[in-house]
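Written below as structure tokens is the structure these notes are about.
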Protein chains: 2
Amino acid sequence: MPHFPFQRLQSELAVLIAGTPAGKRLPSEPELAKQLGVSRATLREAMRTFETRGLIRRRQGSGTFVVGQVPVINSGLEILESLETMAKRMNLEISVSNLRIERLYADQEFADSLGVPLATNLTRVQRIMSTGKRPVAFLVDILPEDVLNPKQLPENFRGSVLDFLLERGDLLTMARAAISATDAPADVAKALEVQRGDVLLQFTSQLFLANGRVVDHSFGYFLPGYFHFHILRRIVS
Amino acid sequence: MPHFPFQRLQSELAVLIAGTPAGKRLPSEPELAKQLGVSRATLREAMRTFETRGLIRRRQGSGTFVVGQVPVINSGLEILESLETMAKRMNLEISVSNLRIERLYADQEFADSLGVPLATNLTRVQRIMSTGKRPVAFLVDILPEDVLNPKQLPENFRGSVLDFLLERGDLLTMARAAISATDAPADVAKALEVQRGDVLLQFTSQLFLANGRVVDHSFGYFLPGYFHFHILRRIVS
DNA sequence: CAGTGGTCTAGACCACACG
DNA sequence: GTGTGGTCTAGACCACTGA
């Protein structure tokens, strides 16, 4: 018995997953662990890496399923556009769920980011984006209420604050987006149907008007396997 | 006793870490687990999130230490420049270790990316970047041997392929960088002194000449807590 | 050498999905 | 209810660090 079952486990699982038709269920965890001669904890640790890559999906109460042909959202980030617009450009079906619109007061962080006094009235728009039946992104926009008042929003508002501001004719010029990687916090993990601690791609961005004012502070979490974000980087001389 | 020790654990650990001076060691894991009334496995899971944020550092055989004041590399990605150049611009000390230069033959992936036939001679340059005594990035460049022959490299070559090509006068124009988030693969985890499965930010990029030829395929892994990468996104009309 | 974090096991109980 | 994945425990052994 080798000292490091993990690497061997990974290759064995890779074969098993590759050899299982898309949509099919894998054997249950206790059974797989027994078959492969490892404990369930070790098996689950190895499974996690496959879930991050979007190859399998684990659903509590139901089972672990092989995912085939992950629909990928592929986009250059130099261009400022909403996920909705990206998806339309790529002929990809996406849908919005859990749309929540709330009022809140600026804490120190939002006040700094938006350039407004503490306790200013703010509007918060939160939503979950899905492709097929899979939630793939968790997005939150926070704006001063004088920029976006919930009452202004149309009946059919589906959650893209950027598209709403553009259609309204606001003189938006650019956004500054920061990119990082993070563990899924508990609430986001639940919303995206992944496990606490799974790997997510994280964006934080500020949206600027032509006059330099920040009108929107937003942040989002993305399932890595479902997005191919890229950037063109240029030499400056 | 609550059903979910995890959230409580996280807040208790946050207090403990915040209250410990930078550089100090925390109690050992078995002891902490006992003090906090959880098993060691649960404790370690919670600790992981703090390590991802760069707040603590765990070292096998030695202990878990509180990190204070993480030096951050903060850079816009629209500009194509090496990590070395970024760091110089920010007056940040960085150093290179484990520099390895090897020859290999193009497999399908590299052949596609570089636009060369299968089995073409390639040069591979690998290095680890550290700030202070902490390794923070794992970088690999792969180029056709007719673009970069190991013999051409000067004695004092410190690993930045981009800077070398620029100084040589190659007509580089831009790079296309893809960004994702991933679990640390075993070899990278070891190099960056993190645990297998920890969260890393991942880049893959191709470097283009003015004539459109791809001269360099590179990829890198970055510790999220130590980098603030951002992008300016513009409206196109 | 003793003590640390890293890995793995075996088993328990819980929350959830589905018939 | 039954079976699934999600969480947690208790304990073992290993690899590594540093006195």
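Because the structure is a prediction, the values reported are computed rather than measured. In what follows, chains carry the letters A, B, and so on, assigned in the order in which the sequence lines appear, proteins first and then strands, with residues in each chain numbered from 1.
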(Q) Tell me every residue that passes ring pair (Phe, Tyr, Trp, His ring centres under 6.0 Å) with A/Phe227, counting only those two or more places apart in sequence or in another chain. (A) A/Phe222, A/Phe229

Q.
Please enumerate all residues that pass side chain to side chain contact (heavy atoms under 4.5 Å, CB included) together with B/Asp141, with sequence neighbours excluded.
A. B/Val125, B/Arg127, B/Leu143, B/Val161, B/Asp216, B/Ser218

Donor-acceptor list for residues 55-64 of chain B side chains, cut-off 3.5 Å, not counting sequence neighbours:
{"unit_1": "B/Arg57", "atom_1": "NH2", "unit_2": "B/Glu193", "atom_2": "OE1", "d": "2.1"}
{"unit_1": "B/Arg58", "atom_1": "NE", "unit_2": "B/Gln195", "atom_2": "OE1", "d": "3.3"}
{"unit_1": "B/Arg58", "atom_1": "NH2", "unit_2": "B/Gln195", "atom_2": "OE1", "d": "2.3"}

Q) Can we say A/Glu81 and B/Arg233 salt-bridge, meaning some charged N sits less than 4.0 Å from an Asp/Glu carboxylate O? A) no

Q.
Give the residues of residues 46-57 of chain A touching DNA chain D, defined as any heavy atom closer than 4.0 Å, sorted by residue number.
A. none

Q) Can you name the salt bridge (charged side-chain N to carboxylate O under 4.0 Å, His left out) partners of A/Glu102, sequence neighbours left out? A) A/Arg100, A/Arg124

Output a table of nitrogen or oxygen pairs between the protein and nucleotides 11-13 of chain D separated by less than 3.5 Å.
{"unit_1": "D/dA12", "atom_1": "N6", "unit_2": "B/Arg40", "atom_2": "NH1", "d": "3.3"}

Q: Specify the residues of residues 17-30 of chain A, ordered by number, for which at least one heavy atom lies under 4.0 angstrom from an atom of DNA chain C.
A: none

Q: Could you list the residues that satisfy side chain to side chain contact (heavy atoms under 4.5 Å, CB included) with A/Ala106, not counting sequence neighbours?
A: A/Ala111, A/Val116, A/Thr120, A/Leu122

**Q.** Residue pairs fulfilling salt bridge (Lys or Arg N to Asp or Glu O under 4.0 Å) with at least one residue in residues 154-164 of chain A, sequence neighbours excluded
**A.** none

Q. Would you say A/Arg58 reaches D/dT4's phosphate, i.e. side-chain N/O to OP1/OP2 under 4.0 Å?
A. no

With a cut-off of 3.5 Å and sequence neighbours excluded, list every side-chain donor-acceptor pair involving residues 13-25 of chain A.
{"unit_1": "A/Thr20", "atom_1": "OG1", "unit_2": "A/Leu16", "atom_2": "O", "d": "2.7"}

Q: Any pair with a residue in residues 32-41 of chain A that passes salt bridge (Lys or Arg N to Asp or Glu O under 4.0 Å), sequence neighbours left out, goes on the list, sorted by first then second residue, please.
A: A/Glu29-A/Arg40

Q | B/Glu45 CD - C/dG6 C1' separation (whole Å) | A | 14 Å

Produce the list of close N/O pairs, under 3.5 Å, pairing protein atoms with atoms of nucleotides 17-19 of chain D; give distances to one decimal.
{"unit_1": "D/dT17", "atom_1": "O2", "unit_2": "B/Gly61", "atom_2": "O", "d": "3.4"}

